[in-house]
Amino acid sequence: MTDGIAWDPLHRELDRWQAAGRVARFWLRDDDAVEPTQALETLMALAGESEIPLTLAVIPGLTGEALAVRLVEEAAVAVAVHGWSHTNHAGPQGKKQELGGERPADVVLGELGEGFRLLERLHPARFLPVLVPPWNRIDTTLIPALPGLGFAALSVYGRAKQGAPMPLLNTHVDIIDWHGTRGGRSEADLVAELVAELRDRFAGSDEPVGVLTHHLVHDAAAWDFLSALFAVTGRHPAVRWSSASELLGP
């Protein structure tokens, strides 16, 4: 399958949106940022060339002034709170999670509060009061306490459920093959997932489509996919790439 043919389903779906006079909303979240790296530079350059806002989920316990200094001039980059130290506290048989029920709630919430304050101080012009749980998992009993720490929204993976206890700004298409190559997933599979998400939105959902990346593990396939995605969507009249702050509103 050639590159052009692989992207045909997305072209057709976006043309359907355009014919209906509708615009699909996308947003971009990248996880595990800690410090300036060449991979981060590549990501910011790709997004910047297509004028696509980027939200970096930064690990508070592992980051510092170097990243803050690098992002000072990046007006289109926002910073969200990615847990505390991205440490797995689950048992050997459990799914990885930092924000689970294995530790006292006051300890977990204390770390999140510290992470919130640290990133707010380091990135005053970029900071977003959004919690991105490591591995996209959080014990549901912790969520009601998040607004008291200052969080305005939660960002996990998958379509938002009705009746959530706080606003959700989720991601839906992860470009990394975590259970296989741990590099970029198949272009055809990713295009199919994007089309499925858009069809769901066309049928009535108003949830923005969140694309999830992890710049530190990107291989050539991941970078190639992002470049093609930005090229296809960045210039299509039926697509609007929005910043997280814009989607959250005032």
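The residues of the chain are indexed from 1 along the displayed sequence. Computed from a predicted structure; not experimentally measured.
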List the atom of [X], the atom of [Y], and the distance in Å for their closest heavy-atom pair.
X	Y	result
P129	G150	CB-O, 3.4 Å
A57	D31	CB-OD1, 3.3 Å
F230	S50	CB-OG, 3.4 Å
V209	L198	CG2-CD2, 4.4 Å
V191	P9	CG1-CB, 4.2 Å
L119	A80	CD1-O, 3.6 Å

Exercise. Compute the ring centroids of H214 and W178, then answer whether they are less than 6.0 Å apart.
Key: yes
Exercise. Would you please classify the geometry between the H86 ring and the W135 ring as parallel, tilted or perpendicular, with 30° and 60° separating the classes?
Key: perpendicular
Do [Y] and [X] meet the salt-bridge criterion of a basic N to acidic O distance under 4.0 Å?
X	Y	value
E246	R25	no
R16	E13	yes
R70	E35	no
R235	E51	no

Taking the side chain as every heavy atom from C-beta outward, state whether [X] and [Y] have any pair of such atoms under 4.5 Å apart.
X	Y	answer
L226	L43	yes
Q97	P133	no
L109	L142	yes

Does one hydrophobic cluster hold both [X] and [Y], with members joined at side-chain heavy-atom distances below 4.5 Å?
X	Y	result
L247	L28	no
L229	V217	yes
V173	L56	yes
V239	F202	yes
L146	L128	no

Nearest-0.5 Å distance that lies between atom [atom1] in [X] and atom [atom2] in [Y]:
X	Y	atom1	atom2	result
K161	L168	NZ	CG	10.0 Å
I176	R185	CD1	CZ	9.5 Å
D219	F225	CG	CZ	12.5 Å
L131	F116	CG	CZ	10.0 Å
W7	T233	CH2	OG1	7.5 Å
H218	L40	NE2	CG	11.0 Å

Exercise. Answer yes if the side chains of W27 and T55 hold a donor-acceptor pair under 3.5 Å, and no otherwise.
Key: no
Quiz item: Between R159 and S205, do the side chains contain an N or O donor and an N or O acceptor separated by less than 3.5 Å?
Solution: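 Side-chain D/A pair, R159 to S205: absent.
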Exercise. Go through E207 and D200 one step at a time and tell me if the side-chain contact (heavy atoms from CB on, under 4.5 Å) criterion holds.
Key: CA-CA 9 Å; E207 187 177 6; D200 173 73; 5.6 Å; no
Is a donor on one side and an acceptor on the other found under 3.5 Å between the side chain of [X] and the backbone of [Y]?
X	Y	result
E98	S85	yes
R137	K95	no
T42	Q38	yes
R201	E197	yes
T213	H215	no
S155	L169	yes
R126	E74	yes

Practice problem: Could you check V77, V58, L122 and say which one makes a side chain to side chain contact (heavy atoms under 4.5 Å, CB included) with L71? | Solution: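 Between L71 and the candidates, side chain to side chain contact (heavy atoms under 4.5 Å, CB included) is satisfied uniquely by V77.
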Quiz prompt | Other ILVMFWY residues reachable from Y157 by side-chain steps of under 4.5 Å | solution =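 Cluster partners of Y157: L212.
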